[in-house]
Amino acid sequence: MDLSSVFSLDGKVALVTGASKGIGFEIAEIFAAAGAKVVLSSRKQQAVDEMADKLRCQGYEASGVACNVGHMEELPLLVEKTVALYGQIDILVNNAAVNPVFGPVHETSLEVFDKIMDVNVKAAFELCRLCYPHLRKSNGASVINISSIGGLSPEPGLGIYSISKAALISLTKVFAKEWGDSKIRVNAICPGLIKTKFSEALWSNDKIMGVILKQLAIKRAGTSEEIGAMALFLASGASSYTTGAVLTADGGFTI
Ligand SMILES: NC(=O)c1ccc[n+]([C@@H]2O[C@H](COP(=O)([O-])OP(=O)(O)OC[C@H]3O[C@@H](n4cnc5c(N)ncnc54)[C@H](OP(=O)(O)O)[C@@H]3O)[C@@H](O)[C@H]2O)c1
């Protein structure tokens, strides 16, 4: 058995949002290493250019395309540029997310609610919609939505973020059901605490970490590479019978 072919992304084109650092970049890197041509996207052109360069230096095919996914009018151009660069889209990873507030939900303004929902949910919906004509032409299309364990059970102080991540899980299941006929698989990953910039306030605080560690079966924070590996499983033929799944990678936090 040729194990490498099971996880190969040869001939595939992947679009990854929020790919200038953290989990998004690691997903882009492992996809490129598996043979995919990758478009890395985030708000800043310079940031994605630098990270695409980093991949090209390793001999991979990668390009950076700036796009603020919270600005719906920018999304069609992101899809058009991806197709102009590589001719197709087989894999979409909705990874970019924001969490600008911490505190009780009743103190959160409608404006902040809208911002979180735009980036974390509406952009995923719109990118799925815009990529559909390309995904349905693929012989192995996969959409991966990066949710959170906060979408399974609300996290303290992260109310609206948790609501947005729960909506993303529901979006995943709805699209998976509707797109099964088109041979497009749609799955979600729910990371627990992963050591990135996004979660620095948690893992850099010894007191908070002490509390979290007590609830973890695996007594450490996770790494972006560990989420990248799960994303490769979902993007590749290794998961060809998996759709609508919600996979946790949380060190056993939710057990
Ligand atoms: N780290 C964790 O513990 C954890 C746990 C559960 C779930 N997650 C989820 O994992 C995903 C990635 O998080 P991370 O920890 O890797 O975060 P990160 O290291 O802070 O990276 C976030 C990425 O998103 C981009 N981004 C932010 N706002 C954007 C926007 N409006 N439009 C386009 N790109 C945007 C950032 O780039 P620019 O600044 O260049 O735009 C960056 O590339 C998120 O969906 C997050 O909710 C993370």
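This chain uses plain numbering: 1 for the first residue, then up along the sequence. Being a predicted model, the structure only gives us computed values, none of them experimental. Atoms within a ligand are numbered from 1 in the order they appear, just like the ligands themselves.
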| query | Starting from atom 21 (O) of ligand 1, which protein heavy atom do you reach first, and at what distance in Å? | reply | K21 CG, 3.8 Å

| query | Between OG of S147 and CG of L168, what distance do you get to the nearest 0.5 Å? | reply | 5.0 Å

| message | More than 12 heavy atoms of other residues, nucleotides or ligands under 6.0 Å from NZ of K214: yes or no? | response | no

| ligand 1 N/O within reach of S20 N/O, cut-off under 3.5 Å | yes

| request: Have a look at N145 and tell me which of N120, T172, N95 forms a side-chain hydrogen bond (donor to acceptor under 3.5 Å, both in side chains) with it. | output: T172

| query | Which of the atoms of ligand 1 are close to S147, meaning less than 4.0 Å from one of its heavy atoms? | reply | 7 (C), 9 (C)

| task | Answer whether the closest heavy-atom distance between the side chains of S41 and C67 falls below 4.5 Å. | result | yes

| said: Tell me the nearest of N68, N94, N95 to atom 11 (C) of ligand 1, using heavy-atom distances. | reply: N95

| task | Would you check whether F25 reaches within less than 4.0 Å of ligand 1, judged by its heavy atoms? | result | no

| message | Check this for me, if you would: do K115 and D118 make a salt bridge, where the nitrogen-to-carboxylate-oxygen distance has to be below 4.0 angstrom? | response | no

| request: Go through the side-chain N and O atoms of R185 and T242 and say whether any donor and acceptor fall under 3.5 Å apart. | output: no

| note | Taking only non-hydrogen atoms of I146 and a 4.0 Å limit, the atoms of ligand 1 in range are 9 (C), 10 (O), 11 (C), 45 (O)

| query | Hey, are the side chains of L55 and L40 touching, using non-hydrogen atoms and a 4.5 Å cut-off? | reply | yes

| query | Between R56 and E50, is there a salt bridge with N-O shorter than 4.0 Å? | reply | no

| For ligand 1, is there an atom lying under 4.0 Å from some heavy atom of G150? | no

| Which of the numbered atoms in ligand 1 are below 4.0 angstrom from a heavy atom of A96? | 33 (C), 34 (N), 35 (C)

| request: Would you mind listing which atoms of ligand 1 come within a distance below 4.0 Å of any non-hydrogen atom of V98? | output: 28 (N)

| message | Just to confirm my output: which protein heavy-atom neighbour is closest to atom 38 (P) of ligand 1, and how far is it? | response | S42 OG, 3.6 Å

| message | Do L216 and L158 sit in one hydrophobic cluster, given that two such residues count as connected whenever their side-chain heavy atoms are within less than 4.5 Å of each other, even indirectly? | response | no

| said: For atom 27 (C) of ligand 1, what is the closest protein heavy atom, and at what distance to 0.1 Å? | reply: R43 NH2, 3.5 Å

| Considering only protein heavy atoms, which is closest to atom 6 (C) of ligand 1, and at what distance to one decimal place? | P191 O, 3.3 Å

| field | Nearest-neighbour protein heavy atom for atom 32 (N) of ligand 1, which is reported as residue plus atom name and distance | value | V69 N, 3.0 Å

| task | Verify the cluster assignment for I91 and I146: are they in a single hydrophobic cluster under the rule of side-chain heavy atoms below 4.5 Å apart? | result | yes

| request: Could you tell me if any non-hydrogen atom of K165 lies under 4.0 Å from any atom of ligand 1? | output: yes

| request: For ligand 1, note which part of T17 has a heavy atom under 4.0 Å away: side chain, backbone, both or neither. | output: neither

| note | closest protein heavy atom to atom 46 (C) of ligand 1 is Y161 OH, 3.6 Å

| Is there a path from V79 to V93 through hydrophobic residues (I, L, V, M, F, W, Y) whose side chains come within less than 4.5 Å of each other? | no

| Of the protein's non-hydrogen atoms, which lies at the shortest distance from atom 14 (P) of ligand 1, and what is that distance? | T196 OG1, 3.6 Å

| query | Between the candidates C67, G22, G18, which shows the shortest non-hydrogen contact distance to atom 33 (C) of ligand 1? | reply | C67

| note | Among S148, G222, S199, G192, closest by heavy atom to atom 5 (C) of ligand 1 is G192

| query | Are the side chains of T196 and I23 in touch, meaning some heavy atoms are under 4.5 Å apart? | reply | yes

| query | In Å, rounded to the nearest 0.5 Å, how long is the span from CG of L213 to NZ of K219? | reply | 7.0 Å

| query | Which heavy atom of the protein is the closest neighbour of atom 17 (O) of ligand 1, given with residue, atom name and distance? | reply | F198 CB, 3.2 Å

| task | Before signing off on this row, confirm whether I194 and ligand 1 have an N or O atom pair separated by under 3.5 Å. | result | yes

| field | ligand 1 N/O within reach of I23 N/O, cut-off under 3.5 Å | value | yes

| note | The answer for which part of A19 has a heavy atom under 4.0 Å from ligand 1 is backbone

| said: I want to check something: taking the side chain as every heavy atom from C-beta on, are I89 and V83 in contact at a cut-off of under 4.5 Å? | reply: yes

